[in-house]
Amino acid sequence: MNGKFNGIGNGEFSGVECEFIRRFHRHQPGENQCSSALVKRIKAPVHLVWSLVRRFDQPQKYKPFISRCIVKGNLEIGSLREVDVKSGLPATTSTERLELLDDDEHILSIKIIGGDHRLRNYSSIISLHPEIIDGRPGTLVIESFVVDVPEGNTKDETCYFVQALIKCNLKSLADVSERLAVQDQTEPIDRI
């Protein structure tokens, strides 16, 4: 991991977060790569959040920068998706491979293998963990990545750019999940 991650804010993680990062987010960045992890707490149960995250074939359900996604063949390890990116970003397409889909541990990992963007050798892992938030079932989401630093950029600039994209995706995931949770009318734990 090359020491600690550069997280959002002060880069500090709680003991629980550090343990999940150690267990599930094993990136080994090379000399000219950067790696980081971000944490988001979502006021929605894990099963609901996972129902969105696990859809390798439909990332546009919560990722605001994706306009379209096409998966060829069955949804399995090694499956490829062609993603169209909305205008305004320095990219229009991305080809991504499903590296891991674990429904028991709630882990999804992808690797970008092509496209017209600067994210070379990009790999990400997202893991979901149940938590109680305000007396209700909630989800701790951790997303980590490793990526090459493009020529002309610094590690800090590259990490900052990718973190900004992930932060936006996680906020959108929280918004969509929490909207669905409200519709579900999940009762507080102490009332069940």
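We number each residue from 1, following the sequence as shown. Atoms considered below: every heavy atom in the structure, side chains included; atoms not considered: hydrogens, waters and symmetry mates.
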Has the side chain of Lys86 got a donor or acceptor atom that lies under 3.5 Å from a matching backbone atom of Pro64? yes
Tell me if the centroids of the rings in Tyr122 and His117 come within less than 6.0 Å of each other. no
For Lys40 and Ala174, the nearest pair of non-hydrogen atoms, with its separation, is CE-CB, 3.7 Å
Point-to-point distance, once rounded to the nearest 0.5 Å, from OH of Tyr160 to CG of Leu165: 11.0 Å
For the pair Ser172 (side chain) and Asn169 (backbone), establish whether a donor and an acceptor sit closer than 3.5 Å, ignoring hydrogens and angles. no
Could you check whether any side-chain N or O of Ser109 sits under 3.5 Å from a backbone N or O of Ser124, counting only pairs where one atom can act as donor and the other as acceptor? yes
Apply side-chain contact (heavy atoms from CB on, under 4.5 Å) to residues Val53 and Tyr62 and explain how you reach the verdict. CA-CA 8 Å; Val53 171; Tyr62 75 91; 4.3 Å; yes
Under 4.5 Å between any side-chain heavy atoms of Asp103 and Arg54, yes or no? yes
Rounded to the nearest 0.5 Å, what separates atom SG in Cys34 from atom CD in Gln163? 8.0 Å
Closest non-hydrogen atom pair between Val71 and Ser79, with its separation: CG1-CB, 4.5 Å
Checking side-chain contact (heavy atoms from CB on, under 4.5 Å) for the pair Phe56/Leu101: CA distance, chi angles, key distance, verdict? CA-CA 9 Å; Phe56 178 75; Leu101 179 64; 5.9 Å; no
Residue pair Ile166 / Phe145, side-chain heavy-atom distance below 4.5 Å: yes
Just by modelled atom types, is the Gly115 backbone N or O under 3.5 Å from a matching donor or acceptor in the Ser94 side chain? no
Trace of the side-chain contact (heavy atoms from CB on, under 4.5 Å) decision for Phe24 with His129: CA-CA 11 Å; Phe24 302 111; His129 312 277; 3.6 Å; yes
Atom pair CD (Glu17) and CG (Leu38), whose distance is rounded to the nearest 0.5 Å: 11.0 Å
Residues Arg179, Asp175: salt bridge by 4.0 Å N-O rule: no
To the nearest 0.5 angstrom, please state how far the NZ atom of Lys63 sits from the CG atom of Leu170. 9.0 Å
Phe161 versus Leu119, closest heavy-atom pair with distance: CE2-CD2, 4.4 Å
How far apart are the closest heavy atoms of Val147 and Arg120, and which atoms are they? CG2-O, 3.4 Å
Could you check if a side-chain atom of Arg81 sits within less than 4.5 angstrom of a side-chain atom of Pro59, using non-hydrogen atoms only? yes
Could you state the interatomic distance from CG (Leu52) to OG (Ser177), rounded to the nearest 0.5 Å? 4.5 Å
Just so I know, are the side chains of Ile42 and Ile133 near enough to count as touching, which here means a heavy-atom distance under 4.5 Å? no
Is there a side-chain contact between Leu80 and Ile113, using heavy atoms and a 4.5 Å cut-off? yes
List the atom of Asp102, the atom of Trp50, and the distance in Å for their closest heavy-atom pair. O-CZ2, 3.5 Å
So, the side chain of Arg68 versus the backbone of Gln60: is there a donor-acceptor pair under 3.5 Å, distance only? no
Any side-chain heavy atom of Val85 sitting closer than 4.5 Å to one from Asp116? no
If we count only N and O atoms by modelled type, under 3.5 Å, do the side chains of Ser127 and His25 hold a donor and an acceptor together? yes
Identify the heavy atoms of Lys155 and Gln33 that sit nearest to each other, and give their distance. CE-O, 3.3 Å
Between Asn153 and Thr158, a side-chain donor and acceptor under 3.5 Å: no
How many angstroms lie between atom OG of Ser123 and atom CG of Asp148, to the nearest 0.5 angstrom? 11.0 Å
For Lys43, is there an ion pair with Glu178 - N to carboxylate O distance below 4.0 angstrom? no
Pair Asn121, Val146 - check side-chain contact (heavy atoms from CB on, under 4.5 Å), show working. CA-CA 8 Å; Asn121 293 313; Val146 63; over 6 Å; no
